[in-house]
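What you are looking at is a predicted structure, and each value in this text was computed from that prediction instead of being measured. Note that these values count all heavy atoms, side chains included, but never hydrogens, waters or copies made by symmetry.
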Amino acid sequence: MAFRFAARTLLELGKELISSDEVALYELIKNSVDAQSPKIEIEAQVILPHSVYSRALENLDGGADLGGVLRDIRAGIISTAQRGLSERFLTSLERYSSVRTRFKTALVTLYSTYNWIEVRDRGQGMSLADLDDVFLTIGTRSRRSENISGAQFLGDKGVGRLSTMRLGDRLLVFSTTADQAFWGRLRINWNLFSHDSETRLEDIKIKPVRGRTKADPGETGTIVRVSALNADWTPGRFDDVIRGKIARTIDPFTSKANELLIVRHNSARVVIPRVPKKLLDAAHATCKIRFYFDPKTMEPVLEADLNYQLRSKARSVRFRGVEIYSMAQRDSKRRGKRGHAAFENILIRPKALEDLGPYEAEVYWFNRAVVKAIEGLTDKQQETRDQIAQWSGGPMLYRHGFRILPYGDPGDDWLALDRNAFGESGFKLNRQQVLGRVLIHSSHLALSEQTNRQGLIESDAESALRKMLMVILHVELRGLINEADQLETIKKREAEEAAMDFRQSQEDVETALDELRLHLSPDQIPLGNRLGEAVDTLVTQCAAAVRKLDKSVAQSVDEREKLLHLAGIGLITEFIFHELDRAVRHTMTALVNARASQQQSALRALEEQLITLQKRVAAFDELTGERRQTKTNFDVAEVIDYVLEQHENEFRRHNIEVIKPEGVHLTVKAVRGMFIQILENLIANSTYWLKLQSRYENGFKPRIEVAIDTETSAVTVEDNGPGVDPARSETIFQPFITSKPAGQGRGLGLYISRELAEYNDWQLYMDSTPGRSREDRLSMFVVDMGKK
């Protein structure tokens, strides 16, 4: 037996998939565009608002006086309605004002006849067979197959026709093709599908019929008339929908909407506004973004030109290859202990970026507090704010010039502009201050829209688009504006968060250990208990180190120095616990997959890694005790050996070749613990990028080289990873600048390292020679210990 559907199921489907009148009207426009119509006419004839009509029906059912009902209807007639039409409507109704049932029937009929919205196009049209086989088939895939072949249809799911039931209870469709001599006609009464009906869907017979003969044999197109309207379409409401919501659906940064649409309400033309160029020229900051694939190497490239006109500051950034794979990583929630949710990153497949394809974006930011009247556009500050409000809400997303809903709507924060802005002090990059557009060119196959028109279906390509845009806006644009305004500093709250962030990683490790114990045999349980005790010891050491540091610097005259040290220690503890979490999970995988003889070896290897990590934490005495601020003489080579030794397991695991200075010694007088922090951050930075490069470059052989130049008293750290764009050689040392996924990388490591270097009268910078490892990229950090 096959499934059978009640007719009312279709009504429910339409309500779920078409969420608003604006979406319904937009669906009809897209259908006409897909029919390749050069012009689309939208006309609304509205004599009586739906609210007045509904109230009259309720009063009639309640026994109200017919004369009083008629007076209410007359008073409710829309003022802009053509006089002749409104008089005919009222005159026809008055003929039945003596009998209640006939009056109600006449009111229902006349409301449907005189109140309608019509969408007319001169597209390819539908034949009588198409009306029967295609239009009446919900979910038809006729356009889907053509999109697969390279067409650019805006819709391909076959559900847009349900938008008509959202707008009104009656549907009348006329359509014809070039090779059909007559107009096909189709009538549908959506009330047949109401909740009051128990009729099965297949029992409602709807059949298109042959209509009038065409006056012009070459005429093509479709007319969709929706009557018995379900909402008030007063001049104000219609104007709000067309000039507000619909104006945003067809790229408003161009004049395309008025070139395509001819819109009338009760015969009065409605002009669709576009974003004024004078408004865009008055923006306080702009951001132009371009994503493409290098035709020579086929590497992905992300470019952005940022301009902070208010402060006459500009910056250009260029990411490529692994840098983009890094920022486009996806978040995967990992349920932790006691209900905490942790995140782990899932590397994006290169194919996902190919699916996404090239795109462009432009974003305009206004500081609403200092906006002024714009000559030739507004006369007052408030008028400028109103113009911003009309188009703001964050960047809107367009495919082939037509909007993908709901990106940029009042309730949508797809790039987390509000969430990030209102969660921090200083600079506010929130949606009320931002307008813009993102133009994608990929097909529905790569970035497919949800059937309910509530955004793109979640995918690697969709996630990559968001992540890249968030890095440019949250990191690069924010960094430029804060740098110019001198707003961004490390604050106590941020430093404390950085210092105690290992607590979340600790919970992840404990959860992993709990899972690990489930796979232990009885004879392995004692070793498992020792591992748990070792983790507890490590946690205690880290917490004590942070408390000790906080106490030892509490009396520091320089508050900034205190915060830098606190955040710096936080970064190192975070590195350690991430490493431990990885080690425990790796061991658990080995236990599940390995033979019994290999399991004990895997556990002992984990115990050895714990011992190594404990040694690294024990070294915090260098960084947290009373000697923290004491400059002493030490051998730089010995410190380098010490730091690299702590990373040996990690280097071995990722096949990273390490070249370190041999037989070279350099004695300096400085704070030894600070040099450890600097080196730890540089090594962690190199290791991160080398691991990513290994994932995406076949045959890649990762390498780190640490060298000492005794003549210049300098230490260099160089790797053969993706490198840095020369234009960003200084930008990367600013706080909160990172190429990791937005909201995950703190962007403090290099900033803190430079601050610590300056504390010792050193300089930390990137060597300016491009191409040492990769063409047009910088790859070497220099710690210049010579006196300034």
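To the nearest 0.5 Å, atoms NZ (K467) and OG (S326) are separated by 10.5 Å. Summarising the geometry, atom CG belonging to L469 is positioned 9.5 Å from atom NE2 belonging to H474; distances are rounded to the nearest 0.5 Å. Distance check, rounded to the nearest 0.5 Å: OG1 of T297 to CD of E775 gives 9.0 Å. Interatomic distance, F291 CZ to I440 CD1, rounded to the nearest 0.5 Å: 12.5 Å. Between the CG atom of D761 and the CG atom of D784 there is a distance of 11.5 Å, given to the nearest 0.5 Å. The CG atom of L764 lies 6.0 Å from the CG atom of L682; values are rounded to the nearest 0.5 Å.
Smallest separation of non-hydrogen atoms from R672 and F634: CA-CE2, 3.6 Å. Summarising the geometry of L415 relative to M470, their closest heavy-atom pair is O-CG, 3.7 Å, with the distance given to 0.1 Å. Here the shortest heavy-atom pairing between M785 and F675 reads CE-CE1, 3.4 Å. In plain terms, the two heavy atoms of A757 and I678 that are nearest each other are N-CD1, 3.8 Å. When every heavy atom of E476 is checked against every heavy atom of V317, the shortest pair comes out as OE1-CG1, 3.4 Å. Contact record, D709 with E711: OD1-N, 3.0 Å, taken as the closest heavy-atom pair.
A donor-acceptor pair shorter than 3.5 Å cannot be found between the side chains of S442 and Y359. Side-chain N/O atoms of Q763 and E758 include no donor and acceptor closer than 3.5 Å. A donor and an acceptor atom, one from each side chain of S686 and D719, are located under 3.5 Å apart.
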Check the pair V438, L465 against side-chain contact (heavy atoms from CB on, under 4.5 Å), reporting the backbone distance first and the verdict last.
CA-CA 10 Å; V438 180; L465 174 66; 4.3 Å; yes
Using the rule given for side-chain contact (heavy atoms from CB on, under 4.5 Å), can you reason through T731 versus Q734, listing the C-alpha separation, both sets of side-chain angles and the distance that settles it, and then say yes or no?
CA-CA 6 Å; T731 305; Q734 294 173 11; 4.3 Å; yes
Quick one, L690 with F651, criterion side-chain contact (heavy atoms from CB on, under 4.5 Å). Give me CA distance, side-chain angles, the key distance, then yes/no.
CA-CA 10 Å; L690 290 173; F651 296 150; over 6 Å; no
Salt bridge (Lys or Arg N to Asp or Glu O under 4.0 Å), that's the test. Do E483 and K313 meet it? Break it down for me.
CA-CA 9 Å; E483 177 189 5; K313 296 288 185 181; over 6 Å; no
Go through the steps for L750 and N681 under the test side-chain contact (heavy atoms from CB on, under 4.5 Å), then give the verdict.
CA-CA 7 Å; L750 292 177; N681 285 337; 5.8 Å; no
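Considering only residues two or more places apart in sequence or on other chains, R777 meets the salt bridge (Lys or Arg N to Asp or Glu O under 4.0 Å) condition with E323. Residues satisfying the side chain to side chain donor-acceptor pair (under 3.5 Å) criterion with T769, sequence neighbours excluded, are D767. Take Y325 and apply the ring-ring contact (aromatic ring centres under 6.0 Å, His included) test, not counting sequence neighbours, and it matches Y696. Residues passing the salt bridge (Lys or Arg N to Asp or Glu O under 4.0 Å) test with E730, sequence neighbours excluded: R754. A search for side chain to side chain contact (heavy atoms under 4.5 Å, CB included) contacts involving S694 returns F700, P702, not counting sequence neighbours. With sequence neighbours excluded, no residue forms a salt bridge (Lys or Arg N to Asp or Glu O under 4.0 Å) with E638. Looking at residues two or more places apart in sequence or on another chain, you find a side chain to side chain donor-acceptor pair (under 3.5 Å) between R318 and Y292, E303. The side chain to side chain donor-acceptor pair (under 3.5 Å) search around E458 returns R330, not counting sequence neighbours. Contacts of N307 classified as side chain to side chain contact (heavy atoms under 4.5 Å, CB included), with partners at least two apart in sequence or in another chain: T286, Q309, A314. By the salt bridge (Lys or Arg N to Asp or Glu O under 4.0 Å) test, R320 is found to be paired with D294, E299, residues two or more places apart in sequence or in another chain being considered. Taking the side chain to side chain donor-acceptor pair (under 3.5 Å) definition, one finds that K351 meets it with D355, sequence neighbours left out.
Although no hydrogens or angles enter the test, the distance criterion places a donor-acceptor pair under 3.5 Å between the side chain of D413 and the main chain of L417. Judged by distance alone, the side chain of N760 and the main-chain N or O of L756 form a donor-acceptor pair under 3.5 Å. Although no hydrogens or angles enter the test, the distance criterion places a donor-acceptor pair under 3.5 Å between the side chain of R774 and the main chain of G721. In this structure, the side chain of Y308 does not engage the main chain of L477 through any donor-acceptor pair within 3.5 Å. Without hydrogens or angle criteria, H647 side chain to T687 main chain gives no donor-acceptor distance under 3.5 Å. The main-chain N or O of R728 is never found under 3.5 Å from a side-chain atom of D725 such that the two would form a donor-acceptor pair.
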Run the side-chain donor-acceptor check on residues 657-667: report pairs under 3.5 Å with partners two or more places apart or on a different chain.
from: H665; atom 1: ND1; to: D635; atom 2: OD2; distance (Å): 2.6

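At least one side-chain heavy atom of M327 sits under 4.5 Å from a side-chain heavy atom of L302. Contact check for P395 versus R437: no side-chain heavy atoms found under the 4.5 Å cut-off. Using a 4.5 Å cut-off on side-chain heavy atoms (C-beta onward), F781 and V715 make no contact. No side-chain heavy atom of E462 sits less than 4.5 Å from a side-chain heavy atom of I457. V717 places none of its side-chain heavy atoms less than 4.5 Å from the side chain of V782. Residues T716 and V706 are not in side-chain contact: their nearest non-hydrogen atoms beyond the backbone lie 4.5 Å or more apart. Residues V471 and M468 form no side-chain contact, since every pair of their non-hydrogen atoms from C-beta on lies 4.5 Å or further apart. For the pair S463 and Q329, the minimum side-chain heavy-atom distance is 4.5 Å or more.
By the 4.0 Å N-to-carboxylate-O rule, E697 lies too far from K691 to be salt-bridged with it. Salt bridge annotation for E718-R772: present, with a cationic side-chain nitrogen under 4.0 angstrom from a carboxylate oxygen.
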